[in-house]
There are 4 protein chains.
Amino acid sequence: MDKMRKRDEKKLIALEQAALDLVQENGLSQLTINKLAKRAGVSVATAYIYFENKADLLGHLYQTAREQLIDSIPEPNEQDAISLQFETVMRAYAHNFNEAPKALNFMAALAANPEYLPEALQGNTTLLGPAMLAVIKRGYLAQMLLTDNVDLIIAQALQPLQWLYQVRAQNQVVVASAELDQLIAMATRAIFKA
Amino acid sequence: MDKMRKRDEKKLIALEQAALDLVQENGLSQLTINKLAKRAGVSVATAYIYFENKADLLGHLYQTAREQLIDSIPEPNEQDAISLQFETVMRAYAHNFNEAPKALNFMAALAANPEYLPEALQGNTTLLGPAMLAVIKRGYLAQMLLTDNVDLIIAQALQPLQWLYQVRAQNQVVVASAELDQLIAMATRAIFKA
Amino acid sequence: MDKMRKRDEKKLIALEQAALDLVQENGLSQLTINKLAKRAGVSVATAYIYFENKADLLGHLYQTAREQLIDSIPEPNEQDAISLQFETVMRAYAHNFNEAPKALNFMAALAANPEYLPEALQGNTTLLGPAMLAVIKRGYLAQMLLTDNVDLIIAQALQPLQWLYQVRAQNQVVVASAELDQLIAMATRAIFKA
Amino acid sequence: MDKMRKRDEKKLIALEQAALDLVQENGLSQLTINKLAKRAGVSVATAYIYFENKADLLGHLYQTAREQLIDSIPEPNEQDAISLQFETVMRAYAHNFNEAPKALNFMAALAANPEYLPEALQGNTTLLGPAMLAVIKRGYLAQMLLTDNVDLIIAQALQPLQWLYQVRAQNQVVVASAELDQLIAMATRAIFKA
DNA sequence: CATGAATGAGCTTTCATTCAT
DNA sequence: AATGAATGAAAGCTCATTCAT
């Protein structure tokens, strides 16, 4: 039993890694099950043991990437000042985006082409995760936010961050530490009251 | 000669419209030359008279969309205050995004999947156009900007705007006038010195 | 225009002939689009210009076979005695079955596996055609039939005929003229009053 | 040993039942080893312990169905009148067809697609079993039959019976007792001298 | 210039069968 | 004996592109 499970894990991880690599290299539209299987070192039919179809496969990988990048971020310490909490979460996003640029690219590609995903997931493409949501709620309750419109907060905080990291990864340029500082400062000015 | 040109124009416009419609309806990945030609009411072979291949076709349509949405924006009046100029250009972007949501969607889809475009265009997917570039230059010279890092300015001004309009178009919800006001206010706080 | 239509016809006929041959040789379950196209000398994709999918293709060929074997039979002369009319139609069936054994085999194979056919056709697998139907009606009105149950008449007249011709074709044995005479005599005894 | 045999029997019966069900539900062409094993609650590999390959498996199930429907019929009492013996056997067929419509359907499907069966069985698809064969022999010796051509007798007696029961099972309509009486009467008229 | 027909290459998916345990 | 995982081969189907007219 254990051995079987181990094999599962290996194949799954191989498929996952191959998918991230291929999308990074050639774009989502070039990701086919054949290429994926070949790259992962498994047979095409094997992929269909683990996943129902291509959409299901992409959906799972998408969820994994999303979890790694977003859902894994812990809620910040409630004792800290709200703006510090915001900064902490922003830095956590940035850290994740920086560590896993392929996952970031993969997630972004699927968010821009939701028709690849199973219908159940097509509406679930926001960058907002539980940690940032908590911060926003706290900021709202403390009346420190300029707006209660969550879309606008995402637009001025998470979207810029994601866009910057993705553009830079595409061009293989790093985001300098000072740039991140500045982006967070700008986002903070944008969404918090003076 | 005139007749021919007119025919050209008609077919081109038909192809363009069909492409925008189909991408809106089914996503970029579902856009095939056969479907495109059928929808446009021309033969597949005709498309290959006007364009070398699919990438070339998409490239041209992409340029057209980009022009309509971005390059058409006039440079603002140099006499106005810089922040007013910024607001003016932001409102022009917003106006265009609002008027041509399909073009916006088309442009964004291609920006997220540059592998569809001819190589020559693959680096040219920024939202920055001449009008906004002029404003940034002026603001920089007047030392009114918090940063001289253009990427950060795009990240905090144009990206949020585009994202908001695109998300709303996808969900068929309009961007309220007050929302636009607020987004511009937030972007202004983000990039201009206090 | 004419030339195009001619090409159509040629390809269609080639596909049709190839389908009959392949089913005859290897059975319906071995009939694949690839083999069919190869045998017909066209590309796979070409088959999909003429037909929507495999079921549609089989449906059309099935209809063609059915027409050739059944629907083409003329209604017999109303002046003749009913039993003579019956014999005439039975002989017409027999003649067709004899002339087009591949079509007979093809039709029978599909009737036994209606899941291959488009849903619209799945209920339409009877041997009864307009000619025999007319005879049955006339016999009924003249009160010469032992039963008004059409199923029973088919069971005792057309099914035996078809079965005999098909079994013989499979074993490459001809139906002797005397056998046909006898079968018709037996069927006549079965369905007509003494 | 006994345990094993019992397990064998259980698995075999499960496979058999699953095959009948699946063919009934989706047609023979949709019957795959994977689906069969899943439905029977055994592993695919297990099926290959009991049977050499798919044809062998189908062959065995076919034989079982055939036995249940045909070979199990006892020879009728030689003291009875021949036509009564004939009727008795016909009623036995009818009874079996009625009791086991799935087996009937399964047998008919394979008879129409012998390419699924092992070559050794491909010629063995007649409805004629020992009981009816005995009756025919006796009728022949007693010179009561219109013909000594066995094919014609099958064509006018067993084929109609099978066809009627199968069509009715497909349409989920029962064969009324009066219908059966009439069919036997017609078949009797067809094959016996007046 | 314009076209519908045609196609090689490649797609997603499934199959009968075997392997490792 | 029994199994779930694995797979090469092949299925149905579609695509970007070209050809004949």
Side-chain angles (χ1 to χ4, degrees), chain A residues 1-8 10-11 29-37 41-57, chain B residues 3-5 7-8 11 29-38 41-58, chain C residues 1-8 10-11 29-37 41-57, chain D residues 3-5 7-8 11 29-38 41-58:
Chain A
M1 292 260 286
D2 265 317
K3 280 170 206 161
M4 283 180 186
R5 234 183 258 145
K6 254 186 196 166
R7 254 213 293 240
D8 279 8
K10 262 188 196 162
K11 298 240 156 103
S29 73
Q30 297 304 306
L31 178 65
T32 74
I33 300 283
N34 271 292
K35 293 179 194 165
L36 180 61
V42 305
S43 123
V44 186
T46 301
Y48 282 88
I49 293 170
Y50 292 95
F51 304 103
E52 269 195 28
N53 50 40
K54 195 184 178 186
D56 182 44
L57 162 57
Chain B
K3 250 189 210 171
M4 283 181 185
R5 242 188 245 145
R7 258 210 289 234
D8 278 10
K11 300 224 160 124
S29 72
Q30 298 303 306
L31 179 66
T32 74
I33 299 283
N34 279 288
K35 291 181 198 165
L36 179 62
K38 182 162 287 179
V42 306
S43 154
V44 233
T46 303
Y48 281 86
I49 293 167
Y50 293 95
F51 304 104
E52 265 193 32
N53 51 38
K54 195 185 179 185
D56 184 42
L57 163 56
L58 290 179
Chain C
M1 291 261 285
D2 265 318
K3 280 171 206 162
M4 283 180 185
R5 236 185 259 146
K6 253 186 196 167
R7 255 217 289 241
D8 280 8
K10 261 188 197 164
K11 298 241 156 105
S29 72
Q30 297 304 305
L31 178 65
T32 74
I33 300 283
N34 270 291
K35 293 179 194 165
L36 180 62
V42 306
S43 120
V44 183
T46 301
Y48 283 89
I49 293 170
Y50 293 95
F51 304 102
E52 270 196 27
N53 49 41
K54 196 186 178 184
D56 183 44
L57 162 57
Chain D
K3 251 188 209 171
M4 283 181 184
R5 242 187 245 145
R7 258 208 292 233
D8 280 7
K11 300 225 161 123
S29 73
Q30 297 304 306
L31 178 66
T32 74
I33 299 283
N34 279 289
K35 292 182 198 163
L36 180 61
K38 183 163 285 177
V42 307
S43 153
V44 233
T46 302
Y48 281 87
I49 292 167
Y50 293 94
F51 304 103
E52 267 194 32
N53 51 38
K54 195 185 179 186
D56 183 41
L57 163 56
L58 290 179

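We name chains A, B, ... by the order of the sequence lines, and we start the count at 1 in each one.
- Tyr48(B) is linked by a ring-ring contact (aromatic ring centres under 6.0 Å, His included) to nothing, counting only residues two or more places apart in sequence or in another chain.
- In this entry the distance linking CD1 of Ile49(B) with P of dT17(F) reads 15 Å, nearest Å.
- In this structure, CD1 on Ile49(D) lies 7.5 Å from OG on Ser43(D), to the nearest 0.5 angstrom.
- With sequence neighbours excluded, the residues forming a side chain to side chain contact (heavy atoms under 4.5 Å, CB included) with Asp56(A) are Phe51(A), Glu52(A), Asn53(A), His60(A), listed by chain and number.
- Legend: residues meeting side chain to side chain contact (heavy atoms under 4.5 Å, CB included) with Val42(D), ordered by chain and number and at least two apart, are Lys11(D), Leu15(D), Ala37(D), Ala40(D), Thr46(D).
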So what's the dot-bracket for DNA chain E: Watson-Crick or G-U pairs under 3.5 Å, [ ] if a pair crosses, | if it pairs off-strand? .||||||||||||||||||||
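- OP1 or OP2 of dT3(E) sits under 4.0 Å from a side-chain N or O of Thr46(B).
- In this structure, Lys38(D) has no side chain to side chain contact (heavy atoms under 4.5 Å, CB included) partners at least two apart in sequence or on a different chain.
- We find the CD1-CG distance between Ile33(D) and Leu57(D) to be 5.0 Å, quoted to the nearest 0.5 Å.
- Here the P atom of nucleotide dC15(F) and the CG atom of Leu36(B) are 12 Å apart, to the nearest Å.
- For the pair Phe51(A) CZ and dT12(E) P, the computed distance is 15 Å after rounding to whole Å.
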Its contact letters, B for base, S for sugar-phosphate only and - for none at protein heavy atoms under 4.0 Å, make nucleotides 8-14 of chain F read B--SBBB
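- The side chain of Lys11(C) approaches dA6(E) more closely than any other nucleotide in the set dA2(E), dA2(F), dA6(E).
- Side-chain atoms of Lys35(C) come within 3.5 Å of backbone N or O of Gln30(C) as a donor-acceptor pair.
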